[in-house]
Amino acid sequence: MMIWVNGGLRAADAAQVSVLDHGLTVGDGIFETVKTVQGRTFALTRHLERLTRSARGLGLPDPDHDEVRAACAAVLEADPVPMGRLRITYTGGLSPLGSDRGDTGPTLVVAVGETTRRPDTTAVITVPWTRNERGAVTGLKTTSYAENVVALARAREQDASEALFANTVGDLCEGTGSNVFVVLDGQLHTPPVSSGCLAGITRALTVEWCGAHETRMPFDVLDRADEIFVTSSLRDVQAVHRLDGRELPGAPGPVTAKAMRVFDERAASDLDP
Ligand SMILES: Cc1ncc(COP(=O)(O)O)c(C=O)c1O
C-alpha cells in the first residue's frame with residue numbers, strides 16, 4: 001500500500017507525520033471518504049468542494065485541489081483496487097501542545113484501502129446521545145470522530161452497522177457516518193442540513209435524483225416510518241431491515257428499492273455528478 005504524505009508517495013511503513021501534528025493531539029483536521037471503482041473516483045469534485053468548506057470552517061488554508069487530485073491519482077495508480085475507500089485527511093499540522101494551531105502549515109495525507117460492496121440491507125440502532133446542531137464545527141467533516149466511534153461500537157454490540165442520532169431538540173439527525181431517509185405515506189423525507197447533519201454527497205444526489213423532501217422530523221418518526229434507508233459514499237443507498245428491536249419486513253420496500261436502482265443507474269452513467 002502506498003500513501004501520499006505531504007507531497008510524495010511513500011510505502012505504508014514509511015508514511016509518517018509528526019506525533020505533534022494537531023490532527024493527532026486535538027483532532028484539528030478534516031477528511032473525505034471517496035468511493036473508488038476500478039481505480040476511478042466517484043463524485044470527486046463534490047468531495048473536494050466539501051473539503052474546502054470544511055477547511056474554511058476550521059480556519060485552515062484552502063486545500064490545493066490540483067495537489068489533492070494528483071495525490072488521489074497517484075495512490076490509485078499504485079493500488080487500483082476493484083473497490084476502494086479513498087481517504088483524504090487534511091490537518092492543522094505541526095503545532096504546540098494545546099489548542100492553538102502552529103504555523104508550519106497543514107498536513108495532507110491520501111490513502112486508499114480495499115473494500116467490498118455493502119449488503120443491500122442492514123440493521124441500525126438509535127442511540128441516546130445527541131448531535132449538536134449549533135456547534136462551532138457543525139456540518140464540517142472533521143477528524144474529531146470519537147463520538148461516532150463510541151456510537152458505532154454500541155451498534156456493533158447489537159449486530160447493527162449504524163447508529164442514528166437525534167439532535168439537541170429531539171429531531172432526527174443522522175448516523176455516525178451516514179444520512180438517513182424515511183418513507184411516510186409513500187413520500188421520501190430526509191432531515192434538513194439545519195438539523196446538524198453532514199451535508200452528505202450521497203444524500204444530495206439522492207434528493208436530486210429521487211425527489212426526496214427535506215423535512216424536520218421528530219426522532220420517533222423512525223417508529224412509524226414505512227421504510228428507512230441510510231446513505232453514504234460507501235453504502236450508496238442501503239435499506240434498513242431492523243431498527244432497534246423492530247423488524248422492517250420486506251426491506252428494501254418499494255420506495256427504497258426504486259431509490260437504490262435510480263442511484264445505481266445514475267452513478268454508473270456519470271462518475272463525477
Ligand atoms: C457524520 C456523517 N454523516 C453523513 C455522511 C455521509 O456523507 P457522504 O454521502 O458524503 O459520504 C458521512 C460520511 O462519512 C458522515 O461522516
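Residues take their numbers from the sequence shown, with the count starting at 1. Counting convention: from 1, in listed order, for ligands and their atoms alike.
Sequence neighbours left out, the pairs with a member in residues 164-198 that pass ring-ring contact (aromatic ring centres under 6.0 Å, His included) are F181-F229, H189-H213. Applying the ring-ring contact (aromatic ring centres under 6.0 Å, His included) test to residues at least two apart or on different chains, none of the pairs has a partner in residues 109-130.
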Would you mind writing out a table of all protein N or O atoms found under 3.5 Å from any N or O atom of ligand 1, naming both atoms and giving the distance to 0.1 Å?
{"unit_1": "ligand 1", "atom_1": "3 (N)", "unit_2": "E174", "atom_2": "OE1", "d": "2.7"}
{"unit_1": "ligand 1", "atom_1": "9 (O)", "unit_2": "I201", "atom_2": "N", "d": "3.3"}
{"unit_1": "ligand 1", "atom_1": "9 (O)", "unit_2": "T202", "atom_2": "N", "d": "2.9"}
{"unit_1": "ligand 1", "atom_1": "9 (O)", "unit_2": "T202", "atom_2": "OG1", "d": "2.6"}
{"unit_1": "ligand 1", "atom_1": "10 (O)", "unit_2": "R50", "atom_2": "NH1", "d": "2.8"}
{"unit_1": "ligand 1", "atom_1": "10 (O)", "unit_2": "R50", "atom_2": "NH2", "d": "3.0"}
{"unit_1": "ligand 1", "atom_1": "10 (O)", "unit_2": "I201", "atom_2": "N", "d": "2.7"}
{"unit_1": "ligand 1", "atom_1": "11 (O)", "unit_2": "S233", "atom_2": "N", "d": "2.9"}
{"unit_1": "ligand 1", "atom_1": "11 (O)", "unit_2": "S233", "atom_2": "OG", "d": "2.7"}
{"unit_1": "ligand 1", "atom_1": "14 (O)", "unit_2": "K141", "atom_2": "NZ", "d": "2.9"}
{"unit_1": "ligand 1", "atom_1": "16 (O)", "unit_2": "K141", "atom_2": "NZ", "d": "3.1"}
{"unit_1": "ligand 1", "atom_1": "16 (O)", "unit_2": "Y145", "atom_2": "OH", "d": "2.3"}

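The hydrophobic clustering, which links ILVMFWY residues whose side-chain heavy atoms are closer than 4.5 Å, places L271 and L234 apart. Note on V230: it does not cluster hydrophobically with M260, by side-chain heavy-atom contacts below 4.5 Å among ILVMFWY residues.
Contacts of F263 classified as ring pair (Phe, Tyr, Trp, His ring centres under 6.0 Å), with partners at least two apart in sequence or in another chain: W209.
The existence of a salt bridge linking D264 and R117 is confirmed by a sub-4.0 Å separation between a basic side-chain nitrogen and an acidic carboxylate oxygen.
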